[in-house]
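First the structure, in the form of structure tokens, and then the observations on it.
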Amino acid sequence: MSDSDDDIPLVKRLAAPPAKSTPKPTPKPAAKPAAVQLQSKPRDNGASKKKQETEDEDDDEDNEESEESASSSESDDEGSESDVPLSKRRKSKSPGAASTGAKRKRATQQKESAKRSRRDPSSSKSGQLMWKTLRHSGVLFPPEYEPHGVKMLYDGKPVNLTPEQEEVATMFAVMKDTDYMKKPVFLKNFWEGFKEILGKNHAIKNLDKCDFTPIYDWHMAQREAKKTMTKEEKDRIKKEKDEKEGKYKVAYVDGRCEPVGNFRVEPPGLFRGRGEHPKMGKIKRRIYPRDITINIGEGEAIPEHPYPGQTWKEIKHDHTVTWLAYWKDTISSKDYKYVFLGATSTFKADSDLAKYEKARKLKDLIVDVRKNYERDWENSDHKKRQMGVAMYFIDKLALRAGHEKDDDEADTVGCCTLKVENVDLEPNNKVKFDFLGKDSIRYENVVEVHPTVYKNLERFRKIDATGKKKKPGDQLFETFDAQDLNKELKNIMDGLSVKVFRTYNASITLDRLLAELEESKMGAAAQSVDEKKADYDSANKEVAILCNHQRSVPKTHTNQMEKIQEKLQILNTELKELEEELAAVQKGKSDGKKASVESLLSKIEKKKQAIFKVELQARSKEDLKTVALGTSKINYMDPRITVAWCKRNDVPIEKIFNKSLLGKFNWAMDVEPSFRF
DNA sequence: ACGAAGACTTGTTCGGAACCTA
DNA sequence: TAGGTTCCGAACAAGTCTTCGT
């Protein structure tokens, strides 16, 4: 096995960002082989250079603001330590003295994890303690429902509703112009819930005869009214809100002041599932203190709540977890809603770093990993062969693991749950994937695979391990599931799981593309910062495509494109006019109007540049209309790659990371410019 | 061994603020 | 200065993966 040709990395699917779940038989031009993809080298065995920088990259005295987000307004409780916060935790580094060669690398890694040690979720399986002291104010409840008294119509006539009934009717009414209104499942689920709230003998017997427009109109009017508020009013309201919320925004962990992520209890509403979710339209009922479990340090004040007579469901003092509160989801009894600390918190930063370090560890093993699964393609054991092929997809295409799902969830798949019908074979070892993945986002891709994989797939699609014939809806890989696969991965590397491959592939791709870009621009004319940013974005885009991060086409897209075209048209005619004018002046060799010629020329030049710019804008807008760059930036691309690149290329990091990203990635800011993933 | 519980990450969308531009 | 974009953060749904209980 292991023909060299298949450590060719990840296909780049430059072409073809597909539409969302709209099934459509696009005969997309297959993968665009494009220039890029050769060099399978820099990525693999990075054994060469790499980290000597780990040294400081890790002793980040990170931490961030949070101070100001802390309610400066209120002295949140005497808390003496409110001023202790931010500052170095994590004592100094271990003494340098790295040994030599491979050994040294090892050592560095260990040092890292040692430093991270406690309070790092991912390296802290099971009973690890995450905190010593924990203090916070609990959660903020949404306001109680205030009846508006607007009557909906039934059979053309106004009906009286109790506040509870009206509340639910209003939830529905305000969704008037969403697509949910066209979905039978949504309507059915809503009606069932509504019916129940109405009670047996209610005049309303049938959703079809309901007319919610009066409520809808009222709602829209409210919205308008809000818009026309004066500045002062708005400011006042905002101030009041901030005051009320201030104390919930921070928590104190081991004395440190840390931001809380989502301290608000979710308000009641209609469940908006993605894709064809069987539960869409169900009523998500109001959550009360009696539903909520609080996790807080022993001896700390128990958070208050505005419901006299009620108590929290439970008060816990669990030091092994990072959540502050949770409640059971009312839509799906097996789901939980948690209140966690924010993205800039120590908990999150630590685990973020750990995530990327794990992916880098995989990088050092990837050659062997590939050899292994390639070998498995020819294993006599059917299961081994299937696993080998699955691993190939996960590695090459960055697919998600794909766990089993219940019938009461949207029918989506990942690698391990692919069905026969999701994978079509085409000539020349081409495989066409077409399935709905997470969030029911469609994954559509045609990839050339290794011939052995192709052969295996032919069989996996036809018959199962026992030789029984398969149907289109059957599992492609019937011999194992995501858990089995992860178990296998544990044998290769501690903590390795399927998702690490996605992180690894995204990061290594960014790293490689940026390096290639830099190389290709060597000696070329200096680029402006904007041009460099465009380069970065193009690399970002490839990663996003690899991970299939899509977004729906903005509603105004077509409109805007038209506008741009118009603009372009105008610019072009203006250019033409200028050129004609120039020609005329030149021909008429008019009265020594030299100056005029010159100024015309410069005008023409300017016009051309303007046109170029608009064209570029148009192209990139069209290009990115279905690609979401943000997700990979936030979750997959090691920020140290970006920071180092910025340093090397004199691009201010603020050009690439917005404020919240800067906060989130504070831990990566002082990486060496030479950092490579 | 296996399914359910539990906890944490990843993902898209939405609404408001900031920013442009005519 | 209104009106439209773009940018961002909040919201919350939907994944992943480990642990727990039987």
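Values below: every heavy atom of this structure, side chains too, minus hydrogens, waters and symmetry copies. Per chain, numbering begins at 1; letters A, B, ... match sequence-line order.
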Item to check | Rounded distance (Å) that lies between atom C1' of C:dA13 and atom OH of A:Tyr338 | outcome: 15 Å
Checklist entry - Would you say A:Ser660 reaches C:dG9's phosphate, i.e. side-chain N/O to OP1/OP2 under 4.0 Å? => result yes
Checklist entry - Among C:dA13, B:dA7, C:dA10, which nucleotide sits nearest the side chain of A:Arg274? => result C:dA13
Item to check | A:Asp291 (side chain) donor-acceptor with A:Trp327 (main chain) under 3.5 angstrom | outcome: no
Checklist entry - Heavy atoms under 4.0 Å, any strand shown: does A:Pro554 hit a base, just sugar-phosphate, or nothing? => result nothing
Checklist entry - If you check every side-chain atom of A:Lys405, which of C:dC17, B:dT12, C:dG15 has the closest atom? => result C:dG15
Checklist entry - Using a cut-off of 4.0 Å on non-hydrogen atoms, how would the nucleic acid contact of A:Lys563 be classed: base, sugar-phosphate, or nothing? => result sugar-phosphate
Checklist entry - Between C:dC12, C:dA10, B:dG3, which nucleotide gets closest to the side-chain atoms of A:Gln483? => result B:dG3
Checklist outcome for this item: Judged by nearest nucleotide, the residue sitting upstream toward the 5' end of DNA chain B, A:Lys499 or A:Asp481, is A:Asp481
Item to check | Below 4.0 Å: OP1/OP2 of B:dT12 and any side-chain N or O of A:Thr631 | outcome: yes
Checklist entry - Hey, are the side chains of A:Met175 and A:Arg272 touching, using non-hydrogen atoms and a 4.5 Å cut-off? => result yes
Checklist entry - Below 4.0 angstrom, N of the basic side chain to O of the carboxylate: do A:Lys282 and A:Asp408 qualify? => result no
Checklist entry - What nucleotide, of C:dT6, C:dG9, C:dA14, holds the atom closest to the side chain of A:His277? => result C:dA14
Checklist entry - Nearest nucleotide by nearest heavy atom, which residue falls closer to the 5' end of DNA chain C, A:Val265 or A:Asp335? => result A:Val265
Next on the checklist: Less than 4.0 angstrom between a side-chain N/O of A:Lys348 and OP1 or OP2 of B:dC8, yes or no?
Outcome noted: no
Next on the checklist: With a 4.0 Å cutoff (strictly under), does any side-chain N or O of A:Lys337 reach OP1 or OP2 of C:dA13?
Outcome noted: yes
Checklist outcome for this item: The nucleotide from C:dC8, B:dA7, C:dT5 with an atom nearest the side chain of A:Asp318 is B:dA7
Next on the checklist: Just the rounded figure in Å: distance from P of B:dT9 to CG of A:Leu353.
Outcome noted: 13 Å
Checklist entry - Are A:Phe393 and A:Phe433 close enough that their ring centres sit under 6.0 Å apart? => result yes
Next on the checklist: Measuring to OP1 and OP2 of C:dA14, would you say a side-chain N or O of A:Ser440 lies under 4.0 angstrom away?
Outcome noted: no
Checklist entry - Base, sugar-phosphate, or nothing for A:Lys555, non-hydrogen atoms under 4.0 angstrom? => result nothing
Checklist entry - Can a cation-pi geometry be assigned to A:Lys348 and A:Phe340, taking NZ or CZ under 6.0 Å from the six-membered ring centre and within 45° of the ring axis? => result yes
Checklist entry - Under the 3.5 Å rule, do the base of B:dT10 and the side chain of A:Lys438 count as making a donor-acceptor pair? => result yes
Donor-acceptor contacts under 3.5 Å from residues 564-574 of chain A side chains, at least two apart:
| unit_1 | atom_1 | unit_2 | atom_2 | d |
| --- | --- | --- | --- | --- |
| A:Asn572 | ND2 | A:Leu568 | O | 3.2 |
| A:Thr573 | OG1 | A:Gln569 | O | 3.2 |
| A:Thr573 | OG1 | A:Ile570 | O | 2.7 |
| A:Glu574 | OE1 | A:Lys607 | NZ | 2.8 |

Checklist outcome for this item: Closest to the side chain of A:Gln560, out of C:dC17, C:dT6, B:dT10, is C:dT6
Checklist entry - Is the A:Phe186 ring parallel, tilted or perpendicular to the A:Phe172 ring (thresholds 30°, 60°)? => result parallel
Checklist entry - Using a cut-off of 4.0 Å on non-hydrogen atoms, how would the nucleic acid contact of A:Gly402 be classed: base, sugar-phosphate, or nothing? => result sugar-phosphate
Item to check | Phosphate-side-chain proximity, A:Tyr636 and B:dG11, N/O vs OP1/OP2 below 4.0 Å | outcome: yes
Next on the checklist: With a 4.0 Å cutoff (strictly under), does any side-chain N or O of A:Thr412 reach OP1 or OP2 of C:dA14?
Outcome noted: no
Item to check | Between B:dC8 (C1') and A:Asp350 (CG): distance, integer Å | outcome: 14 Å
Item to check | Under-4.0 Å side-chain N/O to phosphate OP1/OP2 contact, A:Ser351 with B:dT9 | outcome: yes
Next on the checklist: Need one value for A:Phe340: base, sugar-phosphate or nothing, where a base atom within 4.0 Å counts as base even if backbone is also close, heavy atoms only.
Outcome noted: base
Item to check | Touch class at under 4.0 angstrom, heavy-atom based, for A:Glu409 against every strand present | outcome: nothing
Checklist entry - Touch check for A:Lys279, heavy atoms < 4.0 angstrom, all strands: base, sugar-phosphate only, or nothing? => result nothing
Checklist entry - Under 4.0 Å between a side-chain N or O of A:Arg502 and OP1 or OP2 of C:dC17? => result no
Checklist outcome for this item: Quick tally for nucleotides 17-22 of chain B: nucleotides whose base has a protein heavy atom under 4.0 Å get B, sugar-phosphate-only ones S, the rest -, giving ------
Checklist entry - Given C:dC17, C:dT6, C:dG9, which nucleotide is nearest the side-chain atoms of A:Lys621? => result C:dT6
Checklist entry - Can A:Thr322 and A:Tyr338 be counted as having a side-chain donor-acceptor contact under 3.5 angstrom? => result no
Item to check | A:Lys664 NZ to B:dG11 P, straight-line distance once rounded to whole Å | outcome: 11 Å
Checklist entry - What nucleic acid atoms does A:Gly414 come within less than 4.0 Å of, heavy atoms only: base, sugar-phosphate, or nothing? => result nothing
Next on the checklist: Side chain of A:Asn658, heavy atoms from C-beta onward: which of C:dG9, B:dA7, B:dG11 has the nearest atom to it?
Outcome noted: C:dG9
Next on the checklist: What is the distance, to the nearest angstrom, from the CD atom on A:Gln128 to the C1' atom on C:dT18?
Outcome noted: 14 Å
Next on the checklist: For the aromatic rings, using the six-membered ring if either is Trp, is the centroid distance between A:His277 and A:Phe271 under 6.0 Å?
Outcome noted: yes
Checklist entry - Contact class for A:Thr556 vs. all strands (heavy atom < 4.0 Å): base, sugar-phosphate, or nothing? => result nothing
Checklist entry - If you look at every strand shown and take non-hydrogen atoms under 4.0 Å, does A:Arg400 touch a base, only sugar-phosphate, or nothing? => result sugar-phosphate
Next on the checklist: Could you check whether A:Lys541 pairs with A:Asp537 (Lys NZ or Arg NE/NH1/NH2 to Asp/Glu carboxylate O, under 4.0 Å)?
Outcome noted: no
Checklist entry - Taking CG from A:Asn635 and P from B:dT12, how many angstroms apart are they, rounded to a whole number? => result 10 Å
Next on the checklist: By the 4.0 Å heavy-atom rule, please label A:Lys284 as base, sugar-phosphate, or nothing.
Outcome noted: sugar-phosphate
Item to check | Side chains of A:Thr293 and A:Lys316, donor plus acceptor under 3.5 Å | outcome: no
Checklist entry - For the pair made of CG in A:Leu489 and C1' in C:dT18, what is the distance, rounded to whole Å? => result 14 Å
Checklist entry - To the nearest angstrom, how far is A:Lys334 atom NZ from C:dG21 atom P? => result 20 Å
